[in-house]
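The structure appears right after this line, and notes come after that.
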Amino acid sequence: MSLSDNLQDIRSKIPASVTLVAVSKTVDEIRLREALAAGQTVFGENYVQEAKSKWTALKAEFPQTKLHLIGHLQSNKADDAVRLFDRIDTLDRVSLASALAKAMTKQQRKIPCLIEVNIGDEPQKGGCAIAELPALIDFARGLSIEIKGLMAIPPVDKDPKPYFEKLAALAKQYQLKTVSMGMSGDFETAIACGSTEVRVGSAIFGARTPKNAQ
Ligand SMILES: *Cc1c(COP(=O)(O)O)cnc(C)c1O
């Protein structure tokens with residue numbers, strides 16, 4: 001199947017109310033252009049440097065494009081991230097909120113954020129601990145950062161459903177509208193659990209090479 005067939009197939013499985021974020025890490029410009037030509041407007045990238053080199057010119061050419069940062073963000077890259085991205089989906093700590101707020105003020109460019117939650121309470125993973133979520137939301141809002149919702153990646157090799165349900169419940173508890181969860185292998189389950197936004201990479205662009213699989 002071609003890339004546009006893949007996109008059509010996935011769109012047919014997603015209700016219109018759910019946003020499809022095409023995850024394009026490691027994807028080259030030729031295939032990005034194919035996705036853009038097929039009408040895809042929302043893209044997710046994991047690395048600031050990679051996104052900068054691939055998207056700076058393309059975004060100017062396709063101004064309706066919305067770029068989400070879905071990978072871990074180091075505070076020293078906050079400035080670059082705020083310049084390029086339309087949303088940061090991986091805000092997970094107070095120090096990063098401070099760095100983002102500073103970059104937004106400096107550039108006079110306000111972009112909304114999602115808070116990434118360590119939904120499986122995994123020590124090796126990024127994401128805000130569930131217990132620290134209300135404090136981080138308050139802190140970020142105190143710096144005038146708009147918090148639109150929550151994002152999470154459930155533990156690998158476990159049934160994702162209880163984790164999806166938990167994230168949706170947390171979003172409800174804190175009255176946050178956007179719930180970013182679900183990837184190529186589990187987006188339909190995520191939608192059934194209340195996802196408003198799915199992040200699909202390999203099912204659109206094909207398998208990534210192991211070196212770049214992240
Ligand atoms: C790579 C990635 C995805 C997409 O994964 P696929 O299994 O290729 O759909 C989604 N979310 C995040 C945070 C990712 O890093």
Side-chain angles (χ1 to χ4, degrees), residues 1-14 18-28 31-32 34-35 38 40-52 54-55 66-74 77 81 84-93 96 112-120 122 124-128 148-161 163-164 166-168 170-171 178-214:
M1 291 217 299
S2 72
L3 198 155
S4 81
D5 289 338
N6 291 344
L7 264 173
Q8 242 175 34
D9 178 58
I10 289 157
R11 284 199 191 117
S12 73
K13 294 171 179 157
I14 297 176
V18 172
T19 302
L20 173 60
V21 181
V23 174
S24 49
K25 62 184 168 218
T26 80
V27 172
D28 63 19
R31 286 186 302 151
L32 292 180
E34 272 180 66
Q40 182 62 30
T41 54
V42 187
F43 292 82
E45 288 279 354
N46 288 62
Y47 308 101
V48 175
Q49 268 327 107
E50 181 193 334
K52 207 173 152 182
K54 289 192 322 196
W55 280 105
K66 297 286 178 210
L67 214 52
H68 295 188
L69 180 69
I70 61 165
H72 178 77
L73 178 60
Q74 290 170 263
K77 296 205 175 117
L84 179 68
F85 287 93
D86 300 287
R87 210 178 67 196
I88 307 293
D89 291 0
T90 51
L91 173 54
D92 64 352
R93 59 199 189 278
L96 180 59
C113 295
L114 303 186
I115 291 182
E116 181 180 2
V117 181
N118 187 350
I119 200 72
E122 297 172 279
Q124 81 285 6
K125 245 193 201 166
C128 174
K148 286 231 180 215
L150 304 178
M151 178 271 216
I153 310 165
V156 285
D157 302 329
K158 282 199 186 169
D159 177 7
K161 194 162 174 267
Y163 299 99
F164 289 154
K166 201 171 188 176
L167 191 72
L170 286 167
T178 303
V179 188
S180 172
M181 58 188 192
M183 318 204 300
S184 291
D186 55 21
F187 68 87
E188 289 172 287
T189 308
I191 291 167
C193 296
S195 173
T196 68
E197 209 167 278
V198 293
R199 306 179 308 268
V200 179
S202 47
I204 297 171
F205 297 107
R208 293 177 291 273
T209 57
K211 184 175 137 265
N212 292 322
Q214 93 96 38

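In listed order, ligands and their atoms are each counted from 1.
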Within 4.0 Å of some non-hydrogen atom of R199, the atoms of ligand 1 are 4 (C), 9 (O), 10 (C), 11 (N), 12 (C), 13 (C)
G201 neighbourhood, listing ligand 1 atoms whose heavy-atom distance to it stays under 4.0 Å: 4 (C), 6 (P), 8 (O), 9 (O)
Of the listed options T90, V21, I70, closest to atom 13 (C) of ligand 1 (non-hydrogen atoms): I70
Contact check, side chains of S195 and F187, non-hydrogen atoms, under 4.5 Å: no
Step-by-step side chain to side chain contact (heavy atoms under 4.5 Å, CB included) determination, M151 to L91: CA-CA 9 Å; M151 178 271 216; L91 173 54; over 6 Å; no
Tell me whether E197 is salt-bridged to R87, with the criterion being a basic N under 4.0 Å from an acidic carboxylate O. yes
Compare G185, A207, S202 and give the one whose heavy atom is closest to atom 7 (O) of ligand 1. S202
Show which atoms of ligand 1 fall inside a sub-4.0 Å distance from at least one heavy-atom site of K25. 1 (C), 2 (C), 3 (C), 14 (C), 15 (O)
For K148, does the NZ atom sit with more than 12 other heavy atoms under 6.0 Å from it, leaving out its own atoms? no
Atoms in ligand 1 flagged as close to S184, the criterion being non-hydrogen separation under 4.0 Å: 6 (P), 7 (O), 8 (O), 9 (O)
Suppose I only count heavy atoms of N46 and a 4.0 Å limit; which atoms of ligand 1 are within that range? 14 (C), 15 (O)
Atoms of ligand 1 close to V200 [distance to a heavy atom under 4.0 angstrom, numbered from 1]: 9 (O)
Please identify each residue that fulfils side chain to side chain donor-acceptor pair (under 3.5 Å) with Q40, with sequence neighbours left out. R11
For K161, look at atom NZ and say whether over 12 heavy atoms of other residues, nucleotides or ligands are found less than 6.0 Å away. no
Using only heavy-atom distances, determine whether the side chains of T189 and D186 contain a donor-acceptor pair under 3.5 Å. no
So for ligand 1, is I153 a polar contact partner (N or O within less than 3.5 Å, distance only)? no
